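Below, all heavy atoms of this structure are taken into account, side chains as well, without hydrogens, waters or symmetry copies. Predicted model only: the values in this text are computed from it and were never measured. Convention: sequence-line order gives letters A, B, ...; per-chain numbering from 1.
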Protein chains: 2
Amino acid sequence: MSREEKKNEIFRAASQVFFSKGFEKTKIEDIAKQAGIGKGTVYEYFESKLQLFEETIAFYHQNVINSLCEALARWENIGDKIKAYAQFMTEIISNHIHLFELMADSRVMAREMGAVILESNIRMGDVLLEAVTEAISKGELRPDLEPRLITSTILGTVTQYCSLKIMFSEPETQKIDYDRLVDAVMRGVGAEAISNQTS
Amino acid sequence: MSREEKKNEIFRAASQVFFSKGFEKTKIEDIAKQAGIGKGTVYEYFESKLQLFEETIAFYHQNVINSLCEALARWENIGDKIKAYAQFMTEIISNHIHLFELMADSRVMAREMGAVILESNIRMGDVLLEAVTEAISKGELRPDLEPRLITSTILGTVTQYCSLKIMFSEPETQKIDYDRLVDAVMRGVGAEAISNQTS
DNA sequence: AGGAACTGACTGACCGGTCGGTTTTGATTC
DNA sequence: GAATCAAAACCGACCGGTCAGTCAGTTCCT
């Protein structure tokens with residue numbers, strides 16, 4: 001086995017362990033055991049735990065992005081691409097379902113602060129769901145869409161948009177045009193569209 | 001200061017430190033110092049670091065949820081509520097901007113595996129953005145919406161919906177109807193809506 | 001006075017990284 | 001194809017630093 005192959009072997013073991021336990025709780029020894037080698041050997045290939053982690057994540061991301069590109073390239077029109085993306089996400093989420101499961105268990109949630117944010121998201125989703133359900137019964141939103149889907153649309157769009165805007169915009173363009181955002185969201189889920197629907 | 005007030009004082013210090021460093025890197029001593037008390041005193045109020053963390057998170061979530069409820073209740077129709085929600089999210093994200101900033105720095109990213117998932121999301125967003133831009137130029141998507149907004153809509157909706165579906169559905173209803181999902185997403189961002197637009 | 005609240009030096013478990021020693025490999029010679 | 005050997009790969013016991021949790025002693029309050 002070449003040096004490169006061996007490294008990939010370690011990457012595979014490392015991503016498995018890192019993803020199931022998180023960085024801090026992962027012992028180099030765990031990774032070594034998973035890869036079927038001794039602890040010291042890991043240090044023949046990587047200088048430190050942090051370096052191993054960083055390279056492992058890069059390895060993982062590269063794989064994911066490559067697969068996504070392939071999946072999207074397989075289709076011509078955007079509808080099919082969205083569908084492919086949705087299926088891809090489902091695959092990924094399912095593969096990392098244990099991470100989500102861990103989050104639900106607050107003892108383990110302690111491992112990841114990121115989980116706290118997601119947990120917030122879920123709870124907020126519940127709050128929104130209530131508002132959505134009420135709005136449907138008042139005829140403000142399309143009654144033919146599952147309330148949870150509408151909620152996801154709102155929550156997902158808003159969260160994503162605000163996050164990206166804040167993280168990546170130049171300060172001068174960072175101001176969020178909320179009316180425009182709401183308008184865009186409402187088009188998909190709002191009642192005004194009902195009259196134009198064929199389905 | 002009553003016992004309850006003192007606890008809240010510790011909660012405030014704890015959430016500050018936990019959020020800025022993550023669970024593992026937070027030392028009880030840091031929290032004690034932040035709260036202006038001795039390390040041992042913390043253990044008069046909480047049995048363990050984990051228990052302190054869990055209660056702190058509960059305290060934090062309760063505050064967030066309460067504020068969100070208030071913000072939503074202030075408005076009557078769903079459009080205003082969505083807008084209020086978007087503003088609320090911006091506020092939260094801004095308050096935790098340092099967490100996002102940390103993520104970008106891969107040395108620190110090591111702290112949180114959750115960050116890895118978000119980083120994936122961002123990278124996938126770039127991939128999607130390309131497809132979206134192309135689709136706009138081909139007339140498949142509405143040209144009057146910012147490409148990034150369309151991307152957020154797709155990415156956010158899909159991610160949220162798939163996650164929630166997988167996490168919270170009964171197995172028998174867990175199957176995702178992708179066509180329906182795509183259909184709902186496309187309604188908001190698709191070209192077919194252009195002809196029906198007044199704006 | 002006496003108990004409640006507070007304190008920080010200390011202890012023991014834990015784990016990243018090291019290092020001296022062992023095994024494997026593969027090139028070279030006979 | 002067997003013998004030799006040096007270098008590369010491998011290994012895990014060990015070291016040293018870190019920190020959650022303890023506890024004996026101090027301060028504060030009633």
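- Within the 3.5 Å criterion, the main-chain N or O of B:D30 finds no donor-acceptor partner in the side chain of B:Q34.
- In this structure the side chain of A:Y45 never reaches within 4.5 angstrom of the side chain of A:L52, judged on heavy atoms.
- Going from atom OH of B:Y43 over to atom C1' of D:dA24 covers 18 Å, rounded to whole Å.
- Side-chain contact between A:E55 and A:K7 is present, with at least one heavy-atom pair separated by less than 4.5 Å.
- Side-chain atoms of A:S67 come within 3.5 Å of backbone N or O of A:N63 as a donor-acceptor pair.
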Show your reasoning for whether ring-ring contact (aromatic ring centres under 6.0 Å, His included) applies to B:F46 and B:F11.
-> CA-CA 11 Å; B:F46 302 94; B:F11 282 145; 5.5 Å; yes
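- Atom CD1 in A:I37 sits roughly 18 Å away from atom P in C:dT23 (whole-Å rounding).
- Taking atom CD of residue B:E47 and atom C1' of nucleotide D:dT22, one finds them 14 Å apart after rounding to whole Å.
- When the side-chain nitrogen and oxygen atoms of A:Y45 are compared with OP1 and OP2 of D:dC10, one or more of them lie within a distance under 4.0 Å.
- Across all strands, B:K33 comes closer than 4.0 Å to no nucleic acid atom at all (heavy-atom distances).
- One finds a side-chain N or O of A:T41 lying less than 4.0 angstrom from the OP1 or OP2 phosphate oxygen of D:dC11.
- A straight line from CZ of A:F53 to P of C:dG16 spans 13 Å, rounded to a whole angstrom.
- You won't find any donor-acceptor pair under 3.5 Å spanning the side chain of A:K27 and the base of C:dG16, going by distance alone.
- Across the protein-nucleic acid pair, B:E44 atom CD and D:dT27 atom P stand 17 Å apart, rounded to whole Å.
- Contacts of A:F46 with the nucleic acid, taken as non-hydrogen atoms under 4.0 Å apart, are absent.
- Closest to the A:R3 side chain, of the nucleotides C:dC6, C:dG8, D:dA9, is D:dA9.
- Phosphate proximity of C:dC14 to A:K25: absent, as no side-chain N or O sits under 4.0 Å from OP1 or OP2.
- Distance CD1 (B:I28) to P (D:dT22): 11 Å, rounded to an integer number of Å.
- B:E29 has its CD atom 15 Å from the C1' atom of C:dC6, to the nearest Å.
- Within 3.5 Å, a donor on the side chain of B:K39 pairs with an acceptor on the base of D:dA20, or the reverse.
- Backbone-only contact: A:K49 has heavy atoms under 4.0 Å from sugar-phosphate atoms and none from a base.
- Rounded to an integer number of Å, the gap from CD1 of B:I31 to P of C:dT7 is 15 Å.
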